[in-house]
Amino acid sequence: MDVDTDENSNAKGKEGQGKLIMVILVGAPGSGKSTFCELVMGSSSRPWVRICQDTIGNGKSGTKAQCLKSAASALNNGKSVFVDRCNLEIEQRADFVKLGGPQVDVHAVVLDLPAQLCISRSVKRTGHEGNLSGGKAAAVVNKMLQKIELPKLNEGFTRITFCHNETDVQSAIDMYKSLDLHNLLPHGCFGQKNPNKKVQLGIMKFLKKAEKPSETRSSANTVKDSPTPQTTQENSDSCDKKEESACTMSKNVDIESEKGECPGIRSLEDDISQSNSPTLAFPSISTSDFKFSHEKAAEIIVEKVEEFVDKLGNARLVLVDLSRGSKILSLAKAKAAKKNISSTKFFTFVGDITKLNSEGGLRCNVIANAANWRLKPGGGGVNAAIFSAAGPGLEVATKQQANSLQPGNVVAVPLPSTSPLFNREGVTHVIHVLGPNMNPQRPNYLRNDYDEGCKLLRNAYSSLFQAFISIVEDKFKSVKEIHERLGSVPSEPQKHSEDSHHKFKRENLQNPERSKKWKGSQDPTEALNQNNNKTVPKMSKHWGSWAQALYNTAMHPEQHSDTVLETSDDVVILNDIYPKARKHLLVVARHEGLDQLTDVCREHLPLLRTMHAVGLKWIDKFFHEDASLVFRLGYHSAPSMRQLHLHVISQDFDSSHLKNKKHWNSFNTDFFRDSVAVMDEVSSNGKASIMDDESLMSMELRCNRCRSAHPNLPKLKAHSFKCQAPFPSALLEGGRLVTAPSNAPLS
DNA sequence: GTTCTAGAAC
DNA sequence: GTTCTAGAAC
């Protein structure tokens, strides 16, 4: 037979009375289509048939006609069908879609995984030839992906599921696995990027149902109905185990282990479900990676809770920890009970702080993050989890508030409405907290100085709780009132997410000293300057000592004659000391206060033109040495080095200093702003647009000429060295690329 | 074992 | 920005 049939299907035969499903997989080679089918068919009670064009021809390459015939016949026999071929174009899918009808739901599952992942899998699969290079597989995958037409419902699909990463794929597999003969999936488009993330929410909600189709969640015991985060992760590949974990859920609620020890707390179960109360969920600060004494930390937590408990109104504080046997939770609980702190105001909870609502039924509008001083993602623990769950928007929003944080301080960040944490969990704010550090391996090590440590931890919790109360209070105050108190008038309609900014402004006016807590080490006045008040200087980024080299050179070129190639009143020109290509110059502006592109406004247009012209002059010089060079001039959206500088860089990227993805992507994604475009924008809008989303730096590596994707930098460089494809048309337009006069047209 | 990436420190 | 390096990926 030319099709794979799963074992269960034979036994059930045609008896299924429910509707059939035909899933048309859409994805490049290596995207995991066959694996998807195998995993679903391996443990599905619905009879499936997989129709694969690669194997249908019994050794020879199969045809679409063969696949169509087999699909029709399988459906006739009462089997649901996977169409396992690339199906990247509408035309390729159309004939299969036609097999649908009143008895057959036609679904698409789009495996839109990163090209480089598909490439590396394809290479592996054909690896026996030894020298089938990544480049060759890349060429195949890239060629196919260039033609992709993402499926739409109007092609005739009743449901489309988009998967962009392994997690999405696993979710979709679990979803299809869970289908028996009679249940079906909701119709519609799920998981598509761009339109907005609410579609994703649809998937998340459905997944919950699919896991436990027979259960309905009542608001009174939501906590008991949800699986524990731990067991969900461990058993994500098995529906049966998930059901099991759901049954053991009651252990998840920390209060459960309190039976008998703390009778007063029994009323908590009801309270937890009161989702209307503003709630701050916070991890224990400093006790994990910063190795702060649990005993002392618990003491401080409860002391600060007690101090703030009367100011909470109907709001609640929840200490969260991932592990059930958490020492800090039991310590804090015991101490709170001793002080008779109401369990409706403060309680502990075991769960993943990024999934409290979806998996624990605990709705928290504000969560605290145990941040690092750089306010950056990563590093593991709560910080990594929160940044990851919140998506790149959190980092961008955080940057708008502060660039770093001092121990004992916090910074409150409104979450963008596009963040999955906002959509799925109902979190409106993340408050970053930096606690004292007792770990010699981490920055700001306190050498066991617990006097200082306790002081900082008290500050941290005071600031945290105060920031939370400010956010809650803000909800009940009109923006207008706040502005009246500020003595300013809102210049544009206010969004909810901006509320807290204004609150902080007000707090700062009342108590400037406290602003240190909001803004880390930054000058309190900077916090005031952040928003719409254009009359005061805007907040500037903090530049590390290593980032001052260009600034120093620009201010005192005479002291750097060894590196400076040319000086004028407006600019200095120097070779980049770590050139990322054969020719790589920097044209540095000499204006004080012009740190980077975001500081540029219309008054700087003449300077920008001068910088560009000087760049062109030097390019012309280089053409006398090598007329085959091609140049691009532009600015980094968010430079690492202080002082506005224009990169003049040859497009060979042939340099031993170009070592990592960030290097490549900083010159080959939208992060790089072409000088000509910058001048146009400043001329017409008065400012240049910047693209400094972190995700640009981690984008897949693509050739700057043929746009092919490559699994890693060395492979890209090897390819780039020989790629002679013409440059993309977008670069050829508007003078973005500069070639020697004799060398045109480009090739 | 080697290659490569990515985070911490500066 | 780079260097160093742990550990992931191959």
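In what follows, every chain begins at residue 1, and chains take the letters A, B, ... in the order their sequences are listed. From a predicted model like this one, the values you see are computed outputs, not experimental measurements.
In this entry the distance linking CD of A:Q548 with C1' of C:dT2 reads 16 Å, nearest Å. Taking atom CG of residue A:N552 and atom C1' of nucleotide C:dG1, one finds them 14 Å apart after rounding to whole Å. Atom-to-atom, CG of A:L658 to C1' of B:dC4 comes out at 15 Å; the value is rounded to the nearest Å. Separating the CH2 atom of A:W664 from the P atom of B:dT5 is a distance of 13 Å, rounded to the nearest angstrom. Between A:N665 atom CG and B:dA6 atom P the separation is 11 Å, expressed in whole Å. A straight line from CG of A:N660 to P of C:dA9 spans 18 Å, rounded to a whole angstrom. The nearest whole Å value for the distance from the CH2 atom in A:W543 to the C1' atom in C:dG1 is 11 Å. If you take CH2 of A:W546 and C1' of C:dC4, they are 16 Å apart, rounded to a whole angstrom.
In the set C:dT3, B:dA9, C:dG1, the nucleotide with an atom closest to the side chain of A:P443 is B:dA9. Side chain of A:K661, nearest nucleotide from B:dA6, C:dT3, B:dT5: B:dA6.
Between A:F653 and A:H584, the ring centre distance reaches or exceeds 6.0 Å. Two rings, from A:Y635 and A:F672, have their centers 6.0 Å or more apart.
Contact between the side-chain N/O atoms of A:K717 and the OP1/OP2 oxygens of B:dT3 is not found at any separation under 4.0 Å. Between A:H657 and C:dG1, a side-chain N or O to OP1/OP2 separation shorter than 4.0 Å is absent. At C:dG1, none of the side-chain N or O atoms of A:H663 fall inside 4.0 Å of OP1 or OP2 (strictly under the cut-off).
At the heavy-atom level, A:L713 lies under 4.0 Å from the strands shown only through sugar-phosphate atoms. Residue-level contact check: A:K662 touches neither bases nor backbone, having no heavy atom under 4.0 Å from any strand.
The main-chain N or O of A:V676 is never found under 3.5 Å from a side-chain atom of A:D674 such that the two would form a donor-acceptor pair.
For A:K621, there are no salt bridge (Lys or Arg N to Asp or Glu O under 4.0 Å) partners at least two apart in sequence or on another chain.
Residue pairs meeting the salt bridge (Lys or Arg N to Asp or Glu O under 4.0 Å) criterion with at least one partner in residues 649-672 of chain A, sequence neighbours excluded, are A:R582-A:D654. Residue pairs meeting the salt bridge (Lys or Arg N to Asp or Glu O under 4.0 Å) criterion with at least one partner in residues 433-443 of chain A, sequence neighbours excluded, are A:D289-A:R442. Among pairs with a residue in residues 553-569 of chain A, those fulfilling salt bridge (Lys or Arg N to Asp or Glu O under 4.0 Å) read A:E566-A:K617, at least two apart in sequence or across chains.
The aromatic rings of A:H647 and A:H645 lie perpendicular to each other, with more than 60° between the two planes, well past the 30° mark.
Note on A:K687 versus A:E681: no salt bridge recorded, every NZ/NE/NH1/NH2 to OD/OE distance being 4.0 Å or above.
Residues from residues 374-385 of chain A with heavy atoms under 4.0 angstrom of DNA chain B, sorted by number: A:R374, A:G379. DNA chain C lies under 4.0 Å from at least one heavy atom of each of the following residues of residues 637-651 of chain A: A:P639, A:S640, A:M641.
Of all heavy-atom pairs spanning A:L644 and A:L597, the tightest one is CD1-N, 3.6 Å.
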